Number of protein chains: 2
Amino acid sequence: MSEPGTRTPRERYRAQVQEEIKQHAWGQIATAGASALSLNAIARQMGMSGPALYRYFANRDELITELIKDAYRSLADTFAARAEAGTDLDGLAHALRRWALEDPQRYFLLYGTPVPGYEAPEDTTRITTEIMAHLLDACAAEQPPATPHPLDSQLDNHLAEHRAWAGEHPAPPSALRRALAFWTRLHGVLSLELAGHFTGMGFDPAELYTNEAQALSAP
Amino acid sequence: MSEPGTRTPRERYRAQVQEEIKQHAWGQIATAGASALSLNAIARQMGMSGPALYRYFANRDELITELIKDAYRSLADTFAARAEAGTDLDGLAHALRRWALEDPQRYFLLYGTPVPGYEAPEDTTRITTEIMAHLLDACAAEQPPATPHPLDSQLDNHLAEHRAWAGEHPAPPSALRRALAFWTRLHGVLSLELAGHFTGMGFDPAELYTNEAQALSAP
DNA sequence: CGAGCAGCGTTATAACTTCTAACGAACGCG
DNA sequence: CGCGTTCGTTAGAAGTTATAACGCTGCTCG
């Protein structure tokens, strides 16, 4: 057996068409959101008739699932690239922001409104744990605060006993707490900013984001 | 002129049917999300044929816009009710959490994935400023921290000069900053929790939320 | 090198959606 | 008590996802 990537010319062509379909899908998502994604419209853009796309994706949900996986992959790669340049939490925070601003609807595809019944497939959750591992690395490498906040001890105790999500990672409870704060706080700012809830308010979201990122690095 | 609410029997009936439509709409949204909301399905549930609903709402978007307005109204009312019981930030935080858990999809209708082109009508933005006013009241009433964090001064300076969103509210910049932190941090936890990103991780989201709420009250 | 078949694109069709148009009935206001 | 506004209906257009059945093409394997 050769490389598992592209083998026969058939599979090579198939992968190429699948990629083109996904490119058009991202274009639609970026301009109108994922809910407006239309397989028919993609087929029209590609100059072929509607049902032809079903040779490449079983249905609309499967295409979206694939897009979600690719988006997580992209985020994991930017985190990994940032990790090579040093494991500072602040750098990771701004890498996240740049990635989110690059395509807001891609961000919302991962962290926006969930579809009630949707369960992420296993290969997707593997990527999310990879992302979390990068975050935990950065949190564990950070210096603990000189004067720990007394109110944090309760959550630290809880996390010390409920750290299944961290796997085998040797991060202390305070690092776990900081990882969760990184995730939730930065997502909070990004989500509201990208959704446009700050437009017209007059202040600069970047200032708020930077402030939160700094507070995470030096609590 | 009498009350502007319900006047003629015709208007009374119309308002009643509109309310019933919205009830069924909320039911569908709670179980399948807003994107799956179908006017036809609502009509079927109500025992009338599809196009009849267009006598009450011009189109699907207008119905959703009305639902959004009602949701904001509901949130503003719970904030107002909580404000009467005292202006503590922690109480407000947990009132917000209860309201969000009551109907996660309602929360995402307001703070989830945005529709790229959508602009909130003016009567909706009036409710959001009302909500923000309650939050600013609570933040201004809170005690400032004994030892202010040195990194916060930059954001405070920025907010001091960009406080259009606070209107005439006499809150100091540090209170504005705390209001934004309240919004973004709690939204960050709530959004990820309600979207199911914490399921299977093992820890209790309520512990994380409480920790963030406490940190906001005593930074 | 050629035969055969897997894979691909097509059209036709079903079932669904939003939304408009035209018609008829009923309700209540003056 | 009549007339008009309002409402619910059916019919239909235009769009969607998705399946079925039909050829053609070109790769693969003997």
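Keep in mind that what you see is a predicted model, and the values were worked out from it rather than measured. In what follows, chains are A, B, ... by sequence order, proteins preceding strands, each numbered from 1.
Not a single salt bridge (Lys or Arg N to Asp or Glu O under 4.0 Å) links B:Glu142 to another residue, sequence neighbours left out. Listed by chain and number, the residues in a side chain to side chain donor-acceptor pair (under 3.5 Å) with B:Asp88 are B:Arg82 (sequence neighbours excluded). In this structure, the side chain to side chain donor-acceptor pair (under 3.5 Å) partners of A:Gln23, at least two apart in sequence or on a different chain, are A:Glu19. Listed by chain and residue number, B:Arg73 satisfy the side chain to side chain donor-acceptor pair (under 3.5 Å) test with B:Asp77 (two or more places apart in sequence, or in another chain). For B:Gln214, there are no side chain to side chain donor-acceptor pair (under 3.5 Å) partners at least two apart in sequence or on another chain. The salt bridge (Lys or Arg N to Asp or Glu O under 4.0 Å) search around B:Glu102 returns B:Arg106, not counting sequence neighbours.
Between the OH atom of B:Tyr13 and the P atom of C:dA26 there is a distance of 13 Å, given to the nearest Å.
The pair A:Glu212-A:Arg97 does not meet the salt-bridge criterion, since no charged nitrogen lies less than 4.0 angstrom from a carboxylate oxygen. With respect to the salt-bridge test (charged N to carboxylate O, under 4.0 angstrom), the residues A:Glu130 and A:Arg126 do not qualify.
Environment of CD in A:Gln16: sparse, with no more than 12 heavy atoms of neighbouring residues, nucleotides or ligands closer than 6.0 Å.
Separating the CH2 atom in B:Trp183 from the CG atom in B:Leu216 is a distance of 14.5 Å, to the nearest 0.5 Å. Rounded to the nearest 0.5 Å, atoms CG (B:Leu180) and CZ (A:Phe198) are 6.5 Å apart.
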Chi angles and distances behind the salt bridge (Lys or Arg N to Asp or Glu O under 4.0 Å) call for B:Glu11, B:Arg14: CA-CA 5 Å; B:Glu11 292 182 4; B:Arg14 181 178 178 80; over 6 Å; no
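Of the possible donor and acceptor atoms, none in the side chain of A:His134 sits under 3.5 Å from a partner among the backbone N and O of A:Ala81. Side chain of B:Ser191 to main chain of B:Gly188: no donor-acceptor pair is present (N/O by atom type, distance under 3.5 Å, no hydrogens or angles).
Bounding nucleotides for the chain B contact on DNA chain D, 5' to 3', at a heavy-atom distance below 4.0 Å, are D:dT5 to D:dA11.
Contacts between residues 61-68 of chain B and DNA chain D, counted as heavy-atom distances below 4.0 Å, involve no residue at all. Within a heavy-atom distance below 4.0 Å of DNA chain D, the residues of residues 24-45 of chain A found are A:Leu37, A:Ser38, A:Leu39, A:Asn40, A:Arg44. In the region residues 46-58 of chain B, proximity to DNA chain D at under 4.0 angstrom, judged on heavy atoms, holds for B:Met48, B:Ser49, B:Pro51, B:Ala52, B:Arg55, B:Tyr56.
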Could you write out each protein N or O paired with an N or O of nucleotides 27-29 of chain C at a distance under 3.5 Å?
| from | atom 1 | to | atom 2 | distance (Å) |
| --- | --- | --- | --- | --- |
| C:dC27 | O2 | B:Arg10 | NH2 | 3.4 |

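Annotation: ring pair (Phe, Tyr, Trp, His ring centres under 6.0 Å) contacts involving residues 9-68 of chain B, sequence neighbours excluded, are absent.
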